[in-house]
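Structure first, commentary second.
The sequence lines fix the lettering, A, B, ..., with proteins before strands; numbering per chain opens at 1. Computed from heavy atoms alone, side chains included, the values below leave out hydrogens, waters and symmetry copies.
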Protein chains: 2
Amino acid sequence: MNDGAKNERVRLSAEDWEDGALALIAEQGVGALAVEALARRLGVTKGSFYWHFRTREALLQASLERWEEYGEREVLAEIERIPDPLKRFPELFRRVAHELQPHRVYAALLKALDHPQVVPVMSRVSQRRMEFLTRLYQEAGLEPVVALHRARLTYAAYVGFLQLNFTLGLPRLSHEEFDAYVEHMIATLTPARSTD
Amino acid sequence: MNDGAKNERVRLSAEDWEDGALALIAEQGVGALAVEALARRLGVTKGSFYWHFRTREALLQASLERWEEYGEREVLAEIERIPDPLKRFPELFRRVAHELQPHRVYAALLKALDHPQVVPVMSRVSQRRMEFLTRLYQEAGLEPVVALHRARLTYAAYVGFLQLNFTLGLPRLSHEEFDAYVEHMIATLTPARSTD
DNA sequence: TGGCTACCATACGGTTGAGTATGTAACCCG
DNA sequence: CGGGTTACATACTCAACCGTATGGTAGCCA
């Protein structure tokens, strides 16, 4: 996946640039997304870039939208197929927990929220996910207001965890510790089975 | 506290620059911390700055350390004075929730974690606070491992909430909604009184 | 096979912001 | 009251990037 030796010819498309941008963002953050740097990375020069995009801003925008679109059809649909609402939470949490790769970009974007362009994207994504969680909690028997609060709490815990363990290097969890933590989350945040 | 009219003479100290930097960070983020911009803000020029600091990096470093030191002796000590361990959590959560002013800088730093200098500071602060929470949960009767997980969860929820509601403008909570959310957090995250 | 087009290189202009060099006004102090 | 220190102004240099202008090359297609 690296460039290795100079490939005889490269011929890039706009999508190649967007993917390259996302990779660079995941590795070094949004601030590191510079036209010439990315061009070097892809084995070409600026001249190429400005054929595909009118501006650097346009590239960032396109990359973010590409990421947003891609991450949309995710685990969510499969979760809803589980009949027992209470059994959805363990499954959801475990799946999300073990798909750490797609979270790389999300974490990178989280720590780049001072760049104005990423805010609306993250806002939309977070909003949709929280609405999904709220529905799940409602179907598990929580009152609408309580369900909203619980969804907020759950998603905040998710976001905060990414920050604390990806970005900050807080004492690296081992696999076992991480799994145990996830189970603790499940136990704490899954609603009790209703008594009526 | 504002400049207002040009004060006849200003004569700044290094601490003034650090405070100004923190204010600017809280308002516009770490990325907006530029020497000349800050100088204009303080009513002087770059020439002044480079007398007090060797580099921009040095200013940021000093400001962060100043903030870290200042925020240290916080609510924490007062909380520990509450005799009943279980009654500490409501008090802690409510206090933190209503002191939103000091969290401005923290939130600004959270959304600037792609600047390498802020990572160690945030790392230390988060680490200390999580250790405090862990101790609290232990004294409330949780097993050490469980207490650690619960502390992680709690602090992650705190961090995530700041991200979602300060930085992203997710549908602005009203005061009532916010208070209700805090109470929900308390109910969900406070350990049950032990039965033995 | 000539030419059109997609893709890229090279060279330049413009801006922004960091850091330096150096002069200068106010203030303290003996 | 003259000289040294503190605090600042002004006027530079330098590097990083963004964006533009323009020319070059490979491949496809009539």
Side-chain angles (χ1 to χ4, degrees), chain A residues 2-25 27-64 66 108 112 114-118, chain B residues 2-25 27-64 66 108 112 114-118:
Chain A
N2 213 336
D3 44 28
K6 61 204 73 168
N7 294 340
E8 53 281 352
R9 277 285 138 196
V10 254
R11 299 300 266 195
L12 302 175
S13 68
E15 286 76 21
D16 293 327
W17 282 94
E18 295 169 9
D19 288 339
L22 286 176
L24 207 161
I25 287 172
E27 292 172 20
Q28 308 185 36
V30 175
L33 178 58
V35 176
E36 287 162 330
L38 182 54
R40 275 193 300 274
R41 223 177 124 96
L42 296 177
V44 293
T45 65
K46 284 173 25 166
S48 168
F49 176 83
Y50 284 98
W51 192 89
H52 295 285
F53 296 92
R54 269 190 58 258
T55 156
R56 179 211 119 114
E57 203 175 335
L59 167 68
L60 179 54
Q61 195 63 35
S63 304
L64 292 176
R66 181 178 178 80
D114 52 349
H115 301 261
Q117 289 190 80
V118 321
Chain B
N2 211 338
D3 44 29
K6 59 205 77 165
N7 293 339
E8 52 280 353
R9 275 288 137 192
V10 253
R11 298 302 267 195
L12 302 175
S13 68
E15 287 76 22
D16 294 326
W17 283 94
E18 295 169 10
D19 287 340
L22 286 177
L24 207 160
I25 287 173
E27 292 171 20
Q28 309 185 37
V30 175
L33 179 58
V35 176
E36 287 163 329
L38 182 56
R40 275 193 300 274
R41 223 176 123 95
L42 296 178
V44 293
T45 65
K46 287 175 21 166
S48 168
F49 175 82
Y50 284 99
W51 191 91
H52 294 284
F53 296 93
R54 267 191 58 259
T55 157
R56 180 211 118 115
E57 204 176 336
L59 168 66
L60 178 54
Q61 193 64 36
S63 304
L64 292 176
R66 182 178 177 82
D114 53 347
H115 301 262
Q117 289 189 82
V118 321

Over all heavy atoms of both residues, which pair between A:A39 and A:T45 is shortest? Give the atoms and the distance, please.
-> CB-C, 3.7 Å
Compare the minimum distances between each of C:dA18, D:dT10, C:dC8 and the side chain of A:T45, then state the nucleotide with the smallest one.
-> C:dC8
Please name the pair of heavy atoms, one in B:Q117 and one in B:L64, separated by the smallest distance, quoted to 0.1 Å.
-> O-CD1, 3.8 Å
Return the nearest nucleotide to the side chain of A:T55; candidates are D:dC18, C:dG19, D:dG19.
-> D:dG19
Interatomic distance, A:Y50 OH vs C:dC7 P [rounded to whole Å] | 18 Å
Whole Å only: how far is the CZ atom of A:F53 from the P atom of D:dT20?
-> 15 Å
Ranking A:G47 and A:A34 by the position along DNA chain D of their nearest nucleotide, the one closer to 5' is A:A34
Starting from P on C:dG17, measure out to CD on B:E57 and report it in whole angstrom.
-> 18 Å
Checking D:dA9, D:dC18, C:dA18 against the side chain of B:V44 (C-beta onward), the nearest is D:dA9
May I ask you to test the A:L59-A:F49 pair for a side-chain heavy-atom distance under 4.5 Å?
-> yes
B:L59 CG to C:dA18 C1': how many Å, rounded?
-> 13 Å
CZ/B:R56 to CD/B:Q61 distance, rounded to the nearest 0.5 angstrom?
-> 11.5 Å
Can you tell me how far C1' of D:dA7 sits from CD of B:E15, to the nearest Å?
-> 14 Å
Checking C:dA18, D:dA9, D:dC18 against the side chain of A:V35 (C-beta onward), the nearest is D:dC18
Could you give the CD-to-P distance, from B:E36 to D:dC8, as a whole number of Å?
-> 16 Å
Hey, what's the ring geometry for A:H52 with A:W17, parallel, tilted or perpendicular (30° and 60° as the breaks)?
-> tilted
May I ask you to verify if any side-chain N or O of B:H52 is less than 4.0 angstrom from the OP1 or OP2 atom of D:dT6?
-> no
When rounded to whole Å, the NZ to C1' distance for the pair A:K46 and C:dA11 reads 10 Å
Taken to the nearest whole Å, CH2/A:W51 to C1'/C:dT10 is 19 Å
